[in-house]
Amino acid sequence: MLKIIKSGLQTTVQDLGRFGFQKYGVIVSGAMDPFAHRTANLLVGNEENAATLEIAMVGPAIQFEEDTFIALCGGDLSPEIDGTAIKMWRTVAVKEGSVLKFGAPRTGCRVYLAAAGGIDVPDVMNSKSTYLRAGIGGFHGRALKAGDLIPTHPVSPGHAASLLHATDNELEWKIAAPRYFNEPIVRMMKGRQYELFNNDSKEKIFSEAFSISSHSDRMGYRLEGIKLSLEEPKELISEAVSFGSIQVPADGNPIVLLADRQTTGGYPKIGQVASVDLPLISQLKPGDRIRFKEISVEEAQKRYIEQEYQIRQLKIGIYLKREEWK
Amino acid sequence: MNFSFSPLGDQAIVIEVGQEINEKVQERVRAIAALLEADPLPWMVEIIPAFTTVTVFYHPLATLYETVQQELEERVQHISEAVAGEFRTVEIPVCYGGDFGPDLDFVAQHNGLSPEEVIEIHTSGTYTVYMIGFAPGFPFIGGMSEKIAAPRRDSPRLRIPERTVGIAGMQTGVYPIETPGGWQLIGRTPIRLFRPEQEIPSLLRAGDKIIFRQISESEYHSLKEEQHAEDH
């Protein structure tokens, strides 16, 4: 059980998303940085899809109601337990009654807290992700607030013993943690409507830097910089969008659609961020900058497969170690 | 039949079946969706049918773009033999005007009609649901009379209560959940369109025929109570 003492800016329960219901207009939701979410789970012996807490920008204060194990992966929001700084991207043992707090964001802006056993909230349409606007999923369909008691699944003695070993041994799991920059170069495929844009826009999307506007949230990031426009005005017919679609409304400022994107959209899509680079975007804060570099669909899929292979190796490595220690 | 294929990033493919919104194209979209749902390819994650496209999501770990396109091309060749499925007719009771439909008078004035005439025209048509999108269970409904068409509001409202019926251009629709939006609001239905607790969480589906029926405020409240009782 986790007790929320202070709410933070926006802390929500997330898993890898709600799939299969987009045809009914139900958005996917899920972790903004799936790599960090999955790694955090693996480090505490959970399934990759187990529910974690997604903590954004200003972290909450959380008290642990029993001895447990946690992992924090993603942006570095200066986490500390009872006043002592703790390491990110590894397994950490916590004592009953201790309090986790966060300070200033150092890199990135979203951190995933996985607790051994996983956050125990009911499935809604096969997912534990919070869908704020519809008020469903997660913890009562809303962001966490002071006083909330968030249940976690119990952990078996064998599971706990192996995690204790992992923390005692100062073990390095050799995780190639992504380096979050505040001016990343992000790989982008040309979008379905790329050719409809004028030459200036087609060129500048790859040569100019854009900054993240303060009107940015889990649904999408608005980018500011040069304005993009079509060769000639055209009414488009709404069609599916996805995680990383870059659409351009009439005002010319691109929007990168993220975890809480709507299912369909009618604005022209100039590009699509490669799946492997989505964590780089999800960790940007208002004022950070971004540049795009072209990548083909083939190459993007190759990079995706490589990343998946790394996660699998990590998963197998952790599994084998834990079996040894049980 | 001509289909074109193009990638939507590295995890989805768009099948375009037409260039404009009409019933014929909508039927083809529905036929492809039905075919793929009835007999999914092993790498399919989910599909989103829209006005003129069906988008298929997949994991690149299971298969790559080229194969996805080839297998879909083969599959949709047989689409003429597929059936779009039977359509259903769904009646949506609506309490028009007043607090429920603050823009009914605007829609009337804009078209040189009385509010009663707007209601009469709105309830006399048979509509088709073209797609579900934007919000959970939100139907894009085509087939509305031009006589009651009205432009979107210049500045969208920040909160539109759930189950509010609106008009935008020649489209009409119902907001299933509270959201911001720019449509002209003409009434409210006691019927829930988004049902997260049910296996199919959307009351309406693409292809459904819709009829609007006018109800009084007291009927609105009793229908809403009835539904509330059913839900619990």
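In what follows, every chain begins at residue 1, and chains take the letters A, B, ... in the order their sequences are listed. Small disclaimer: the values here were computed from a predicted structure and weren't measured.
Only the side chain of Ile136(A) comes within contact range of chain B, with heavy atoms under 4.5 Å apart. Contacts of Tyr304(A) with chain B are made by side-chain atoms alone, with heavy-atom separations under 4.5 Å and no backbone atom involved. Contacts of Ser245(A) with chain B are made by side-chain atoms alone, with heavy-atom separations under 4.5 Å and no backbone atom involved. Using a 4.5 Å cut-off between heavy atoms, Arg187(A) does not touch chain B at all. Contacts of Lys190(A) with chain B are absent, with no heavy-atom separation under 4.5 Å from either backbone or side chain. Heavy atoms of Met131(B) lying under 4.5 Å from chain A belong exclusively to its side chain. Glu16(B) touches chain A through its side chain: at least one heavy atom from C-beta onward sits under 4.5 Å away, while N, CA, C and O do not. With a 4.5 angstrom heavy-atom cutoff, Tyr131(A) touches chain B only via side-chain atoms. Contacts of Ile132(B) with chain A are made by both backbone and side-chain atoms, with heavy-atom separations under 4.5 Å.
Most heavy-atom pairs under 4.5 Å with chain A, from the set Pro7(B), Ala50(B), Gly137(B), Ala135(B): that is Ala135(B). When each of Val45(B), Ile200(B), Val54(B) is checked for heavy-atom pairs under 4.5 Å with chain A, Ile200(B) comes out on top. Contact count against chain B (heavy-atom pairs under 4.5 Å) is highest for Gln301(A) among Met189(A), Lys23(A), Gln272(A), Gln301(A). Of the listed residues (Val241(A), Val273(A), Ile295(A)), the one with the most heavy-atom contacts under 4.5 Å to chain B is Val241(A). Across Ile237(A), Ile27(A), Thr263(A), Val124(A), the residue that shares the most heavy-atom pairs under 4.5 angstrom with chain B is Ile237(A). Annotation: maximal heavy-atom pairing with chain A below 4.5 Å, among Pro139(B), Pro180(B), Ala12(B), occurs at Pro180(B). With chain A as the partner, the residue from Leu204(B), Thr53(B), Leu61(B) showing the most heavy-atom pairs under 4.5 Å is Leu61(B). Listed options Met125(A), Gln262(A), Glu299(A) were ranked by heavy-atom pairs under 4.5 angstrom with chain B; first place goes to Met125(A).
Side-chain polar atoms of Glu23(B) and Thr128(B) form a donor-acceptor pair below 3.5 angstrom. Of the N and O atoms on the side chains of Glu73(B) and Gln69(B), at least one donor lies less than 3.5 Å from an acceptor on the other residue.
The main-chain N or O of Asn253(A) is found under 3.5 Å from a side-chain atom of Asp251(A) such that the two form a donor-acceptor pair. No side-chain donor-acceptor contact under 3.5 Å links Arg192(A) to the backbone of Ser6(B). Formation of a donor-acceptor pair under 3.5 Å by the Glu178(B) side chain with backbone atoms of Glu162(B) is not found in this model. At distances below 3.5 Å, not a single donor-acceptor pair connects side-chain atoms of Arg192(B) with backbone N or O atoms of Pro176(B). Side-chain N or O atoms of Gln184(B) include one that pairs as donor or acceptor with a backbone N or O of Pro151(B) at under 3.5 Å.
Aromatic ring centres of Phe19(A) and Phe57(B): separated by at least 6.0 Å.
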Residues Phe140(B), Phe134(B); criterion ring pair (Phe, Tyr, Trp, His ring centres under 6.0 Å); working and verdict: CA-CA 9 Å; Phe140(B) 284 87; Phe134(B) 167 70; 7.1 Å; no
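Put simply, the side chain of Ile32(B) does not reach to within 4.5 Å of the side chain of Leu72(B), judged on heavy atoms. Using a 4.5 Å heavy-atom threshold, the side chains of Thr55(B) and Gln22(A) count as separate.
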